[in-house]
Amino acid sequence: MMAQTGDLILLFIVALYFLVLLLLMLFILFEISKLVQKDKEAKTAGDHRVEILFEQIAGRLSDNLEKQVKGQLAKYAQEAQSSTRGIAKFVEDQQKAIARESQFLVANAFSRTQKELEQYKKDGLARIDEDLNQIVLEAARDILGRSISLSEHEELVRSALEAAKKKRFFS
Amino acid sequence: MRSKFNDSALVIFANMVNDTQGVSYLIDQLEGLKRFLFKDKEGTISEKTDVSLAQNLLPVFAEIEEKGLEPATDPAQLQFLDSVINNLKNLPCVKTILAFEPSETFIARLNSDISAEIGQKVILELVVDRHIVAGAIFEYEGKVFGDTLEEKLSLALARLVKNLSQGKASK
C-alpha cells in the first residue's frame, strides 16, 4: 500500500510536471503568436512606409526623367532646327552655284556652236567653190574639145612636141 | 647570127610600124609565116607562102629578097623571122597621150619626128584621153612631159576664181 501511494505521488508529480510543461509551452506559444502578430503589424506598417517612400522616390524620379527628356528633346529640336537652317542654306548656295555653272555652260556651248557653224559655212562654201570650179572646168573641156578641129589638134600636138624638144626632154 | 644583112632587114621591118598596135599586128603576121617553113619547099619566104602572104608584107619581102637580105634555108629563115620579131618587141617606146584619134599619116609623121629627135626608131604607145582637151603628154624612159590645154584652162580658171573671190572680199 505504501508503494502504491508513492507511485501515485510520483504519477501526480509527473502529471503536474507535464501540466506545467504544457502550460509553459502554451504560454510560450501565446507569446510567440503575440510577437508574430506584432511583427506582422510592424511589417505592414513598414511595407506601407516603404510603399510611400517608393512612391515618393518614383515620383521624384519620374519628374526628373520627364525634365531630362523634355530638356533633351528641346535640345534635339534646336539642333534639328539649326541643322535644317544649315541644310536649307547649303541647298540655296548649291542652287545658286548650279545656276551660275549652267549659265556658263550654256554660254560656252552657244559660243562653240556658233564657231562650228561659221567653220561649217566656210567649209561648205569652199566645197561649193571647188565643185563649181570642177563643173566649169568640165564644161570648158567639153565645149573646147568639141570646138577644136582635127587640124588644130594636130597643130597643138606638134607645138607640144616642139616644147618638149626645146626642153631636151628626149635626150 | 646577126649580120649587116639582118640589121638592114630589121630596119626595113621596123620602119613598117609606128605604134604598139602596128607592132602587135606585124608580129602576129610574122609568126604566121613560120608555119610555111619546113614543108619541103624551096625558095624565099614569099615563094613558100605564095598567095597567103599579106598585102602589106609583099613589098617588104620583095625589097628584102631583092637586096639579098633573106637567108635561103628553112632553119635560117626561121631564125631570121625570130630575129625580126625580137627586134620589133625591143624597140624603144614613147607613150603619147592625145585628146583625139589621130590618123595613120599623123602617127607616122609624129613617130618620124620623135625617132629623129631620139636618134633611133621608136614605137609610139598611143592613148586617147579627152580630158587633156588638146596638146599632148609624152612619157619616155620614166620621164613625163606635158603641154596640154587642160593645164592652161585649169590655171586660168583658178586665177579667175581667185580674182572673183578677192573682188568679193574687197566688197
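Labels below follow one simple rule: chain letters A, B, ... track the order of the sequence lines, proteins then strands, and each chain is numbered from 1.
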Region of [X] in contact with chain A, defined by heavy-atom distances below 4.5 Å:
| X | answer |
| --- | --- |
| B:Val144 | backbone |
| B:Glu101 | backbone |
| B:Leu153 | both |
| B:Phe145 | both |

**Asked** A:Leu161 versus chain B, heavy atoms under 4.5 Å apart: side chain, backbone, both or neither?
**Response**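 It is both, since atoms from each part get that close.
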
**Asked** Given the options B:Leu110, B:Ile114, B:Thr148, which has more heavy-atom pairs under 4.5 Å with chain A than any of the others?
**Response**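 Max contact count across the listed options: B:Ile114.
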
**Message:** Shorter than 4.5 Å, heavy atoms on both sides: which option in B:His131, B:Glu141, B:Arg130 has the most such pairs with chain A?
**Reply:**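 Of the options given, most contacts go to B:His131.
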
**Asked** Is it true that A:Lys96 and A:Glu92 make a salt bridge, defined as a side-chain N closer than 4.0 Å to a carboxylate O?
**Response** yes

**Item:** Salt bridge present between A:Glu41 and A:Lys38 (N-O < 4.0 angstrom)
**Value:**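 Result for this pair is no, no salt bridge flagged.
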
**Asked** Hey, what do you get for CZ (A:Phe12) to CG (A:Asp7), rounding to the nearest 0.5 Å?
**Response**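 It comes to 15.0 Å.
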
**Request:** Quickly, which of B:Val94, B:Leu98, B:Val17, B:Val23 forms a side chain to side chain contact (heavy atoms under 4.5 Å, CB included) with B:Leu124? Name it, please.
**Result:**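 Testing B:Leu124 for a side chain to side chain contact (heavy atoms under 4.5 Å, CB included) against B:Val94, B:Leu98, B:Val17, B:Val23 leaves exactly one candidate, B:Val94.
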
**Asked** If you take all heavy atoms of A:Ile148 and B:Leu149, which pair is closest and at what distance?
**Response** CD1-CD2, 3.7 Å

**Same apolar cluster: B:Val122 and B:Tyr25, side chain cutoff 4.5 Å** = no

